[in-house]
Protein chains: 2
Amino acid sequence: MSRIRTVLVDDHRVVQTALRSYLESFPDIEVVGAAVSGEEALEKLEGWLPDVVVMDLRMPGGMDGIEATRRVRALSPHSQVVVLTADTDDARVVAALRAGAIGYVRKDSDPEVFLTAVRGAARGQSVLDPAVAGSVLQDLLRGGPLVEELSEREKDVLRQLAHGRTNREIAQALHVSEETVKTHVGNILSKLQLSHRTQAVVYALKQGLVSLEDIEMEGRGG
Amino acid sequence: MSRIRTVLVDDHRVVQTALRSYLESFPDIEVVGAAVSGEEALEKLEGWLPDVVVMDLRMPGGMDGIEATRRVRALSPHSQVVVLTADTDDARVVAALRAGAIGYVRKDSDPEVFLTAVRGAARGQSVLDPAVAGSVLQDLLRGGPLVEELSEREKDVLRQLAHGRTNREIAQALHVSEETVKTHVGNILSKLQLSHRTQAVVYALKQGLVSLEDIEMEGRGG
DNA sequence: CCGGGGCTCCCCCGTTCGGGGGAAGAAAAA
DNA sequence: TTTTTCTTCCCCCGAACGGGGGAGCCCCGG
């Protein structure tokens with residue numbers, strides 16, 4: 001039986017290299033490629049022909065791990081995606097599974113779980129980290145992430161909200177009237193079933209719509 | 001010359017195991033121990049007698065990597081601490097260096113940088129990730145993180161803010177009047193030189209005062 | 001063709017925020 | 001000791017916010 005062709009997608013190159021070293025210490029696993037972004041992974045995917053793609057959810061740049069998972073599955077249905085992430089947030093895990101991931105392992109899990117997930121994925125078996133499988137399934141049952149219900153414009157406004165801007169500032173940034181922004185904010189809160197913009201910001205961050213690192217603090221010296 | 005005695009402190013056990021595999025592939029490095037928390041590392045430190053402690057900043061539990069670094073240095077001055085973290089936020093890096101770390105490497109750096117930092121630390125040399133060394137130095141010059149200027153009570157309020165609560169809700173949670181909360185919020189914004197509570201929330205998250213994972217979304221159907 | 005959704009803008013209204021001021025007690029620092 | 005800081009609470013006021021309504025425009029799908 002041939003070795004499991006594995007690809008690593010993680011923007012943390014130190015971690016990526018370490019994972020490669022770890023996985024290759026097992027004779028049944030072969031690391032045939034690695035990428036630091038979803039874009040890079042997709043470019044090279046057809047050249048690698050992997051059985052398993054180990055995907056980090058949290059990545060900088062335009063494409064996050066969820067979107068990357070979706071496209072990997074579309075481009076190469078044979079390749080199974082195992083999500084390996086530090087994320088403890090159920091919402092994003094659920095989104096990843098919806099996007100076509102077959103396995104999910106947290107970085108703080110026992111390494112044996114990770115190995116099992118990779119080997120399982122190669123056989124088409126789903127291995128979910130037991131630490132969160134329960135709550136994730138609950139999430140799946142009770143409906144998907146509400147962000148996806150947001151229109152593009154509403155996501156724009158939500159991103160602006162996450163920068164701590166007022167309606168007026170958002171109006172200027174997006175070149176619309178303050179009234180329009182009010183409408184969007186109202187619709188966002190309504191769709192997300194929240195009541196304050198502060199909650200919307202936390203929600204945006206949890207969903208990965210914006211990254212904390214992307215936010216330059218305004219209005220302070222420094 | 002004997003091998004560099006190294007200890008890994010990272011709550012991500014998958015990553016920790018992978019790093020061990022990676023480091024041990026080099027003949028001059030020996031991994032003599034590993035811990036998933038600052039507490040565990042300190043307990044076993046004197047048994048390990050490491051030359052280098054590789055420390056992740058972001059860890060759950062009572063002690064974070066910064067406090068752990070401080071105590072490692074106090075308990076075993078021979079052991080040099082290299083911070084290895086996904087954190088892209090300067091503030092916490094500066095805090096870690098203040099706490100006595102000699103090296104700092106981001107997880108998305110070139111693995112070579114990490115190796116250099118470990119080997120340098122063993123010789124007492126400081127290796128700072130060039131990707132951020134500049135901005136970190138600026139931070140050091142312009143003074144420490146503003147959070148430290150906040151009183152305990154103000155941090156309590158800031159944590160509440162991060163949950164998207166209104167002044168009234170915070171008042172109930174902390175068992176004080178709404179007026180008191182208003183005072184605290186005002187002082188927080190003033191001290192942090194911000195103008196909206198939403199910005200304060202982002203600030204709290206960036207500083208690690210609260211973790212995104214700690215925040216249970218309220219006010220939505222779930 | 002007509003309906004629905006998205007984007008834009010406007011009105012009104014009550015609530016929440018943020019900033020200004022002051023004040024009292026307790027605890028810690030000078 | 002005096003002084004400062006922290007914590008608590010109160011006042012007033014203007015600005016910002018959230019919810020409700022309506023309206024016109026465009027585009028896509030039935």
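A, B, ... follow the sequence lines: proteins, then strands. Residue 1 opens every chain.
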Provide, to the nearest angstrom, the distance between the [atom1] atom belonging to [X] and the [atom2] atom belonging to [N].
X	N	atom1	atom2	answer
E154(A)	dG18(D)	CD	P	15 Å
H175(B)	dC9(D)	NE2	P	12 Å
R197(A)	dA16(D)	CZ	C1'	8 Å
D156(A)	dG6(C)	CG	P	14 Å
L161(A)	dC17(D)	CG	C1'	11 Å
I170(A)	dC9(C)	CD1	C1'	17 Å
N187(B)	dC17(C)	CG	P	16 Å
L150(B)	dT5(D)	CG	C1'	14 Å

Looking at side-chain heavy atoms only, is the closest gap between [X] and [Y] below 4.5 Å?
X	Y	value
V127(B)	Y104(B)	no
R168(A)	T166(A)	yes
I4(A)	R123(A)	no
R13(A)	D110(B)	yes
V53(A)	Q80(A)	no

* **Residue whose closest nucleotide on DNA chain D lies nearer the 5' end, V185(A) versus R153(B)** =>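 Closest to the 5' end, via its nearest nucleotide, is R153(B).
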
* To do: Map R168(A) and L189(A) onto DNA chain D by nearest heavy atom, then report which one ends up closer to the 5' terminus.
  =>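 Nearest nucleotide further toward 5': that of R168(A).
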
* Asked: Within the structure shown, what part of the strands sits under 4.0 Å from H196(A) by heavy-atom distance: base, sugar-phosphate, or nothing?
  ->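 Sugar-phosphate only.
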
Considering only [options], which nucleotide approaches the side chain of [X] most closely?
X	options	result
S151(B)	dG18(D), dT7(D), dT8(C)	dT7(D)
T166(B)	dT7(D), dG6(C), dT16(C)	dT16(C)
E179(B)	dC11(D), dC10(C), dG19(D)	dC11(D)

N/O (side chain, [X]) to phosphate O (OP1/OP2, [N]) under 4.0 Å:
X	N	value
S177(A)	dT8(C)	no
T180(B)	dT7(D)	no
H184(B)	dT8(D)	yes
S195(A)	dG18(D)	no
N167(B)	dT16(C)	no

* Which parts of nucleotides 20-26 of chain C does protein reach within less than 4.0 Å, heavy atoms only, written one letter per nucleotide 5' to 3' as B for base, S for sugar-phosphate only and - for none? -> -------

* Can a donor-acceptor pair be found between the side chains of H78(A) and D51(A) at a distance below 3.5 Å? ->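 Yes, side-chain donor-acceptor contact under 3.5 Å.
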
* To do: Can you spot which of R165(B), H184(B), R197(B) makes a side-chain contact (heavy atoms from CB on, under 4.5 Å) with V157(B)?
  =>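 The single option meeting the side-chain contact (heavy atoms from CB on, under 4.5 Å) with V157(B) is H184(B).
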
* If you measure from CG on N187(B) to OG on S151(B), what distance do you get to the nearest 0.5 Å? ->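 Separation between the atoms: 8.0 Å.
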
